[in-house]
Amino acid sequence: MIDKRERVKMPVELRYHFRCKNDPTCKGHHIILLDWELNELARNIMQKDIDTASIEEKIRNKFYDYMKERDLYFVMGTHFRFKTWMIIGIFYLRKEDKKQKNLFDF
């Protein structure tokens with residue numbers, strides 16, 4: 001059994017692949033996610049499931065499939081030793097309805 005405060009060894013390395021929205025010269029980024037929520041999700045799943053494929057699928061469902069339905073924002077940071085960017089936090093808000101509201105819908 002895993003202690004509540006123990007950091008688990010991640011069964012997968014999760015990276016987001018994206019391009020900068022308003023930069024046509026951007027060739028894309030492949031940046032690792034080191035968010036506490038990912039670690040907690042993996043820890044909770046691994047307490048109940050030991051099948052690596054199942055664990056990977058559940059993590060993918062949360063951090064890929066579910067996120068496609070959200071407005072996803074990254075909190076970026078760097079590591080002093082490696083001098084590379086990483087995603088240290090994420091915010092995922094419900095997508096806004098882009099339709100203009102009717103005057104009587106308020």
Side-chain angles (χ1 to χ4, degrees):
M1 181 138 156
I2 298 172
D3 180 65
K4 286 187 176 187
R5 295 183 197 119
E6 182 181 339
R7 185 170 170 89
V8 298
K9 181 174 182 340
M10 296 300 293
V12 295
E13 180 178 280
L14 200 144
R15 292 179 177 269
Y16 280 102
H17 304 269
F18 62 93
R19 287 198 165 118
C20 299
K21 185 176 181 177
N22 294 322
D23 184 359
T25 62
C26 178
K27 295 180 181 173
H29 306 277
H30 307 285
I31 299 183
I32 192 166
L33 174 66
L34 298 174
D35 182 52
W36 69 269
E37 186 175 353
L38 172 60
N39 186 65
E40 288 301 302
L41 176 66
R43 189 178 59 79
N44 288 333
I45 292 170
M46 291 169 65
Q47 285 179 341
K48 301 171 189 146
D49 200 343
I50 58 170
D51 178 40
T52 305
S54 176
I55 293 167
E56 288 177 7
E57 179 183 349
K58 290 174 182 175
I59 291 172
R60 181 182 174 88
N61 284 341
K62 171 68 179 191
F63 283 92
Y64 180 71
D65 297 331
Y66 177 74
M67 296 300 176
K68 289 193 304 187
E69 303 169 5
R70 312 298 253 177
D71 279 334
L72 184 60
Y73 298 90
F74 299 141
V75 177
M76 305 291 292
T78 58
H79 191 284
F80 71 95
R81 184 187 301 164
F82 306 117
K83 296 181 174 76
T84 185
W85 286 97
M86 59 190 89
I87 302 168
I88 59 174
I90 57 174
F91 292 100
Y92 44 96
L93 308 170
R94 274 189 252 158
K95 287 190 177 184
E96 290 184 30
D97 185 6
K98 301 293 182 189
K99 297 178 192 172
Q100 183 175 356
K101 296 197 182 289
N102 186 322
L103 178 63
F104 302 105
D105 288 342
F106 291 100

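Since this is a predicted model, take the numbers as computed values, not measurements.
Connection of Ile88 to Phe91 is established within a shared hydrophobic cluster, with ILVMFWY side chains joined at heavy-atom distances below 4.5 Å, either directly or through further cluster members.
Take Cys20 and apply the side-chain contact (heavy atoms from CB on, under 4.5 Å) test, not counting sequence neighbours, and it matches Asp23, Cys26, His29. For Glu37, the side-chain contact (heavy atoms from CB on, under 4.5 Å) criterion is met by Asp35, Lys62, Phe63, Tyr92, not counting sequence neighbours. With sequence neighbours excluded, the residues forming a side-chain hydrogen bond (donor to acceptor under 3.5 Å, both in side chains) with Ser54 are Asp49, listed by chain and number. Under the side-chain hydrogen bond (donor to acceptor under 3.5 Å, both in side chains) criterion, Arg70 pairs with Tyr66, not counting sequence neighbours. Residues satisfying the side-chain contact (heavy atoms from CB on, under 4.5 Å) criterion with Tyr64, sequence neighbours excluded, are Arg60, Lys68. In terms of the side-chain contact (heavy atoms from CB on, under 4.5 Å) criterion, residue partners of Ile32 (sequence neighbours excluded) are, by chain and number, Glu13, Arg15, Leu34, Met86.
Residue Asn39 holds its CG atom at 9.5 Å from CG of Asn44, rounded to the nearest 0.5 Å. From Leu38, atom CG reaches atom CD1 of Ile87 across 10.5 Å, with rounding to the nearest 0.5 Å. In this structure, Leu72 CG and Tyr16 OH are separated by 5.0 Å, a value rounded to the nearest 0.5 Å. Here the CD1 atom belonging to Ile55 is positioned 11.5 Å from the CD atom belonging to Glu57, to the nearest 0.5 angstrom.
The 12-atom threshold is exceeded at CG of Leu93, counting heavy atoms of other residues, nucleotides or ligands nearer than 6.0 Å.
Pairs engaging residues 72-89 under the side chain to side chain donor-acceptor pair (under 3.5 Å) rule: none recorded [sequence neighbours left out].
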